[in-house]
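Okay, so here's the structure we're looking at.
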Amino acid sequence: MPELPEVESVRAGVHEWTAGATITGAEVIDPRILGTTSRRHVDASAVDGFITAVTGRRIIAAERRGKFMWLTLGEGPSLAPELSLLVHLGMSGQLRVHRAEDEAHRHTRAALRLERGDESLDLRFVDQRIFGHLGVQPLVHAYGRLVPASATHIAADPLEASFDPESVVNQMALKRTAIKAALLDQTLVSGIGNIYADEALFRAGIHPLAIPARTRRSRLTAGLDSASSVMADALAVGGTSFDALYVNVNGESGYFDRALLVYGRSGQECVRCGGRIEKLTIGGRGTHFCPNCQRPPRYR
DNA sequence: GCAGGCACCTGATCGC
DNA sequence: TGCGATCAGGTGCCTG
């Protein structure tokens, strides 16, 4: 399940393989990939518009904010960024670089034909569950940099230079929802998904149902620091993988799943105290925690 | 404005 | 063996 470390691994690979390449053609195999998460059905004109918009443009760079990734596209000699090709991997999306003659994976939803020097490559978007999406959008300013128009509400992530943890803690301290839900709120801090939210709260010893507005600022800071460090650790080993659903551009899995301390371990012994890992649902998401190491808030 | 819940989607798994 | 129900989860949208 791609979260920030996984998306960053993919972005780095895509940048290495595609920066400077020209898009000579595109194919949309499943038009639903161009829709939004709630409106999957798009018409033929959207497919034609997508192909027309990207064909002939040059890829300047692969960029990322949180779990949103995009290719900045330019045209002509100036190569000033004009457009973005937004890519969200959703739950099961993969961006993979192939030789043009390679057989397509059965869940390939779209492909770009690229030329870079003498090389011809395919950049393929593979997505089993179609929770991911693609789209061509103008670039606009948000949180100190140019981002695709539909990502302006996404806050800076902990790996960005513009990330301001004090400001995030200030905003978080106003929230009256569970801290687990606050960490997943991409308008507060981006990039944290269900897996790393559970791991971060365990490392910081914070119960997932704690209310930020009733939690000491030092504890909120510790939780945020923990989220940043757990994602940095995961990035160092290429992210997390439980199965074949997440791989990088070369089709390789990450190894951080071997370091997960609570996620997916309900009913098993806590590595810290030997107690039993429990699971509950917060905001519709499975939440794993140790009731001994993460004491319930007294005000519950 | 804020918080919670649901839809989108497919494949694996489970129970009957 | 085959079928239906359930579960997993990121995001956008709707409702209270």
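Lettering of chains follows the sequences in order, A, B, ..., and the numbering in each one begins at 1.
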- Query: Going by number, which of residues 182-193 of chain A have a non-hydrogen atom under 4.0 Å from DNA chain B?
  - Reply: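 Residues of residues 182-193 of chain A under 4.0 Å from DNA chain B: none.
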
- Message: At 10 degrees resolution, what angle do the end axes of the helix from B:dC2-C:dG16 to B:dC16-C:dG2 form when each is taken over five base pairs?
- Response: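 Between the axes fitted at each end of the helix from B:dC2-C:dG16 to B:dC16-C:dG2 lies an angle of 60°.
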
Please set out all donor-acceptor pairs under 3.5 angstrom arising from side-chain atoms of residues 48-57 of chain A, sequence neighbours excluded.
from: A:T52; atom 1: OG1; to: A:D48; atom 2: O; distance (Å): 2.8
from: A:T55; atom 1: OG1; to: A:I51; atom 2: O; distance (Å): 2.7
from: A:R57; atom 1: NE; to: A:A53; atom 2: O; distance (Å): 2.8
from: A:R57; atom 1: NH1; to: A:E82; atom 2: OE1; distance (Å): 2.7

- Within residues 165-175 of chain A: residues closer than 4.0 Å to DNA chain C (heavy atoms):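 Those residues whose heavy atoms fall under 4.0 Å from DNA chain C, taken from residues 165-175 of chain A, amount to none.
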
Going by the rule side-chain contact (heavy atoms from CB on, under 4.5 Å), which residues pair with [X] if we only count those two or more places apart in sequence or in a different chain?
X      : value
A:R106 : none
A:A62  : A:R11, A:V14, A:H15, A:L71
A:A100 : A:D122

Protein-nucleotides 4-7 of chain C N/O pairs closer than 3.5 Å?
none

For residues 275-287 of chain A, which side-chain donor-acceptor pairs fall under 3.5 Å, sequence neighbours excluded?
from: A:R276; atom 1: NH1; to: A:G267; atom 2: O; distance (Å): 3.0
from: A:T287; atom 1: OG1; to: A:K180; atom 2: NZ; distance (Å): 2.8
from: A:T287; atom 1: OG1; to: A:R285; atom 2: O; distance (Å): 3.1

List every contact pair, protein side and nucleotides 11-15 of chain B side both N or O, where the distance is under 3.5 Å.
from: B:dG11; atom 1: OP1; to: A:H107; atom 2: NE2; distance (Å): 2.7

- Query: Who pairs with A:F125 by ring-ring contact (aromatic ring centres under 6.0 Å, His included), at least two apart in sequence or on another chain?
  - Reply: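 Per chain and number, A:F125 pairs via ring-ring contact (aromatic ring centres under 6.0 Å, His included) with no residue.
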
- For a side-chain contact (heavy atoms from CB on, under 4.5 Å) with A:I192, tell me which candidate from A:V230, A:L183, A:L4 qualifies.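 Of the listed residues A:V230, A:L183, A:L4, the side-chain contact (heavy atoms from CB on, under 4.5 Å) partner of A:I192 is A:L183.
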
- Task: Quick one: list whatever passes side-chain hydrogen bond (donor to acceptor under 3.5 Å, both in side chains) with A:E16, sequence neighbours left out.
- Result: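 Counting only residues at least two positions away or on another chain, A:E16 forms no side-chain hydrogen bond (donor to acceptor under 3.5 Å, both in side chains).
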
